[in-house]
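For reference, the structure discussed in these notes is given below.
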Amino acid sequence: MSKHSQSVLQILNTHVEAAFSALDLPVEYGRVVVAGKPDIAPFQCNGALAAAKFAKKSPRDIAQAVVEKLENIADIAKADIGGPGFINLTPAQSLVHTRANGLAASETTGARHAEVTKKIIVDFGGPNVAKPMHVGHLRSSVIGDCLQRLLRFRGHDVVSDIHLGDWGLQMGHLITELKYEQPDLIYFNADITEGYPTTSPVDIDDLARLYPQASIKAKEDADRMVLSRTATSELQAGRAGYRALLNHFIEVSIIALKKDFGALGVNFDLWKGEAAVDPLIAPMVAKFKADGFAEESEGALIIRVAEDSDKKELPPLILISSAGAALYATTDLATIQDRRDTLNPDTILYVVDFGQSSHFEQVYRAAGKTGLFPKKDLEHIKFGTVNGTDGKRFRTRAGGVMRLSDLLSQAKDAATKRLDEAGLAADMDATERAEIARMVGLAAIKFSDLQNVRTTNYIFDLERFTSFEGKTGPYLLYAAVRIKSLLRKAEKMGVVVGEITPEADAEKKLVLTLDSFNRALANAEEKRMPHILCDHVYSLAQAFSKFYADCHILAPETPDTVKSSRLALAALTLRQLELGLDILGIEAPERM
RNA sequence: GCACCCGUAGCUCAGCUGGAUAGAGCGCUGCCCUCCGAAGGCAGAGGUCGCGCGUUCGAAUCGCGCCGGGUGCACCA
């Protein structure tokens, strides 16, 4: 990597490591980090404290020696010692200056590809065919979408798959419940095996009604459950009428889901489901048996996945139920095989709530044990449950489940209200206003979800979703739109961008914030944590707001070269802001 | 019962491969639009980092034990 494309932190890091090395201290002690106390200096190195024991010297003596080594380095304006031996580092003005213009010259505002790029599948652990999308689907959609965007941006070859839930007991529920309502449909006549209608006998609302009906009945009535189980097995065995129904169910579901995901701005490369791997199941199971991995137990066919090191023995993975049906884990294994053979990925990510941790542990162990796929390359990207304001989990059967589409329209309404209150978008026609309200509402929802640490539970609070002040999506859009407005004004005034010469404190801080973009991206990728990117984008907007308040850009008293410099800084900020938002899956309007 | 996750300001949350006076946002108090968009900026009040013990020069961060909450624990997905 050329010095030109290195961040200020990397350059300081190189110097400090060299200083440690020159003093015969291990280079890892020379690591430079963003300072915890930015009032003193933007960067610091804590290695002198850690190296004290190693070198059998006092931390301050080591820090003093390091600081002396750094004295004549042009990139460092100041290196001094604080507290018990912290080395505080202030980069040279020239370094910040050079880096600012380097960032401005960069297509990606300083972001780089990952050092090693891979082929990665992102599995969204998709919604079930039987159920409409509700708030519970928000997280996997929004987090999964952010990850696919982030990984692509980092140079990986990503294939996203919705992985529809279209194969288990739920299909048996739907079939039997439909039969109960409309017994005369041709699909239920076992003597007929072809010539089914091309149009579906049900729509998505029917499915949304039939499934809970059947599910409730089956829970209370064992005989009713047997009907669903039997239908499931018959479907899987290939009963033609049921297969035809399945295809209808999938078709109407996909149409509805495409609408919901379209509204969310989430796209998938593949719309495959569990049903798609049905033909692979029998041979796969046969092979597991032949290889001695699968065994009979209590009437079911299982793979034992317990390990000696387990603190708590993990139950076996059930491949084929005692009723003869393939289960969730079975289709997941078959899907891994399918992906391995058709896409040959390095890694598969499963964006699914943490409640299914042990299921995935079972599947991953089975995949590793049977030689299907290396366990270490299967990652469960778990996220917390969606809770109500009472802290209890949002449950389907609790009643009053909010549909995703309702949530989106409520967010849009709230955004419209806010636009009115703030007197924004007053001069626009109804169409443009509606479009802006849509973007603002969506930004509010997505950002409030993504900014949480993925793995913790999530409190679903509509008030919070639609609050547009502080650390929110709309604040970020506001920051972006304000810059766009500024650029338009500058163009009218004939001010053009020029070399960036950061002078004011707010300008330097903005440059250093811009410079941390690549670190945030790399860190977010490594941890698969979107909130790290959220934090960066928010810090950027904050740093810009401060700069905007402190440094007048187009004011008459601002000298022309300063105007051009600040305008360039604003333009650079906008590019990075929009890039960051885009990776989060958030779209900014031109004005609002 | 066992396993995993969580417990940080009134509220919602960052920080957790140990490092200085623990940070944001909301809410609260007070300032700032004759100055590029105030959904903004500035300042302030507000914290035994669940509790205890231990490791360490140094612990919100690591270890152990409690307490409190969530989730899961063989044929649903």
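Just so we're clear, the structure is a prediction, and the values are computed from it rather than from any experiment. First the proteins, then the strands, lettered A, B, ... as listed; each starts at 1.
Interatomic distance, A:K56 NZ to A:D61 CG, rounded to the nearest 0.5 Å: 15.5 Å. To the nearest 0.5 Å, the span separating NE2 on A:H163 from OG on A:S140 amounts to 12.0 Å.
One side chain, A:N46 or A:Q44, offers a donor N or O that lies under 3.5 Å from an acceptor on the other.
Taking atom CD1 of A:I81 as the reference point, atom C1' of B:rA20 lies 14 Å away to the nearest angstrom. Going from atom CD of A:E469 over to atom P of B:rG37 covers 20 Å, rounded to whole Å.
The gap from the C1' atom of B:rA14 to that of B:rU61 amounts to 14 Å, rounded to the nearest Å. Atom name C1', nucleotides B:rG15 and B:rG7: the rounded distance is 15 Å, in whole Å. A gap of 15 Å separates the C1' atoms of B:rA60 and B:rU17, to the nearest Å. Distance check on atom P: B:rG69 versus B:rU8 gives 14 Å, rounded to whole Å.
A heavy atom closer than 4.0 Å to some atom of RNA chain B occurs in A:G168, A:L169, A:Q170, these being the qualifying members of residues 165-175 of chain A.
For the pair A:K471/A:D535, a side-chain contact is recorded, criterion being any heavy-atom separation below 4.5 Å from C-beta on. Inter-residue side-chain proximity for A:L246 and A:I250 is flagged as met; some heavy-atom pair is nearer than 4.5 Å.
Residues passing the side-chain contact (heavy atoms from CB on, under 4.5 Å) test with A:I81, sequence neighbours excluded: A:R60, A:A63, A:Q64, A:V67.
The side chain of A:S485 places an N or O atom within less than 4.0 Å of a non-bridging phosphate oxygen (OP1 or OP2) of B:rG37. A close approach under 4.0 Å does occur between a side-chain nitrogen or oxygen of A:Y478 and OP1 or OP2 of B:rA39. The side chain of A:R482 places an N or O atom within less than 4.0 Å of a non-bridging phosphate oxygen (OP1 or OP2) of B:rA38.
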Should A:E587 and A:K446 be marked as a salt bridge (Lys or Arg N to Asp or Glu O under 4.0 Å) after you check the CA-CA gap, both sets of side-chain angles, and the distance that decides it?
CA-CA 11 Å; A:E587 199 185 351; A:K446 287 191 177 182; over 6 Å; no
Each base of RNA chain B marked ( ) or [ ] if paired in-strand (Watson-Crick or G-U under 3.5 Å), | if paired to another strand and . if unpaired gives (((((((..((((.....[...)))).(((((.......))))).....(((((..]....))))))))))))....
For nucleotides 41-47 of chain B, tabulate all protein N/O to nucleotide N/O atom pairs closer than 3.5 Å, reporting atom names and distance.
{"residue": "B:rG41", "atom": "OP1", "partner": "A:Y475", "partner atom": "OH", "Å": "3.2"}

Nucleotide N/O to protein N/O under 3.5 Å, stretch nucleotides 61-68 of chain B:
none

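Between A:F468 and A:Y478, the gap from one ring centroid to the other reaches at least 6.0 Å. Checked against the 6.0 Å centroid threshold, A:Y350 and A:F360 count as a close aromatic pair.
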Under 4.0 Å protein heavy-atom contact, by nucleotide of nucleotides 11-17 of chain B - B base, S sugar-phosphate only
-S-SS--
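Formation of a donor-acceptor pair under 3.5 Å by the A:E177 side chain with backbone atoms of A:Y211 is not found in this model.
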